[in-house]
Amino acid sequence: MTLIQRRSPKRPHRQRNAIAPAAAIRQIHGPPAHPWTVAELAKKAALSRSAFFDRFARTQGVPPMEYLQGWRMSLAKDLLRRREGKLDEIAERVGYGSASAFSTAFARHVGVPPKRYAMAAPMPWP
């Protein structure tokens, strides 16, 4: 008896794994104040929460919520450098419910409080 081996069409493994996280990243890079959850991002990526979490972490190198926080902190640092608003306004723009919560997260992520970061940042060119 001979076994016939079925071969599946060859698809680039990396490309196939990157499609779902890419859909979520596009959403994250949209309105930064949106209160994203892993469940909502997984739905956008058409995956279960656990499959999405695993695939996102594997392809991006960090879990989805850590990526989201990093993105929000990058936006906040830019807003602080350009002195675009008060602390509570910047906190709201990047998805934090209060200046206090934002300040704590910013200091933990960046290493200095947002006010000190803004004061130390060089003035932007006109």
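If you're wondering where the values come from, they're calculated on a predicted model, not measured in any experiment.
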- Does K77 reach the side chain of F106, with side-chain heavy atoms less than 4.5 Å apart? yes
Below 3.5 Å, can you tabulate the donor-acceptor pairs from side chains in residues 41-49 to any protein atom, sequence neighbours excluded?
{"residue": "S48", "atom": "OG", "partner": "A51", "partner atom": "N", "Å": "3.1"}

- Item | Value rounded to 0.5 Å, distance of CE in M65 from OG1 in T37 | 6.5 Å
- Message: Distance check, rounded to the nearest 0.5 Å: Q60 atom CD versus I28 atom CD1?
- Response: 8.5 Å
- Note on the structure: By side-chain contact (heavy atoms from CB on, under 4.5 Å), P32 pairs with (sequence neighbours left out) L75
- With a 4.5 Å limit on heavy-atom distance, are the side chains of F53 and P64 in contact? yes
- Query: Between CE of M73 and CZ of R108, what distance do you get to the nearest 0.5 Å?
  - Reply: 9.0 Å
- With sequence neighbours left out, what residues match H109 under side chain to side chain donor-acceptor pair (under 3.5 Å)? none
- Say you draw a straight line from CG of L68 to CD of Q27; how long is it, rounded to the nearest 0.5 Å? 12.0 Å
- side-chain contact (heavy atoms from CB on, under 4.5 Å) between I25 and W71: does it pass, once the steps are laid out? CA-CA 10 Å; I25 289 171; W71 172 243; over 6 Å; no
- What residues, two or more places apart in sequence or in another chain, satisfy side chain to side chain donor-acceptor pair (under 3.5 Å) together with D78? R82
Got a list of side-chain donor-acceptor pairs under 3.5 Å for residues 114-122, not counting sequence neighbours?
{"residue": "Y117", "atom": "OH", "partner": "R81", "partner atom": "NH1", "Å": "2.5"}

Show every donor-acceptor pair shorter than 3.5 Å between a side-chain atom in residues 85-98 and any protein atom, with sequence neighbours excluded, or say none if there are none.
{"residue": "E89", "atom": "OE1", "partner": "K86", "partner atom": "N", "Å": "2.8"}
{"residue": "S98", "atom": "OG", "partner": "A101", "partner atom": "N", "Å": "3.0"}

- Message: Check the orientation of Y67 and H29. Use parallel for under 30°, tilted for 30 to 60°, and perpendicular for over 60°.
- Response: tilted
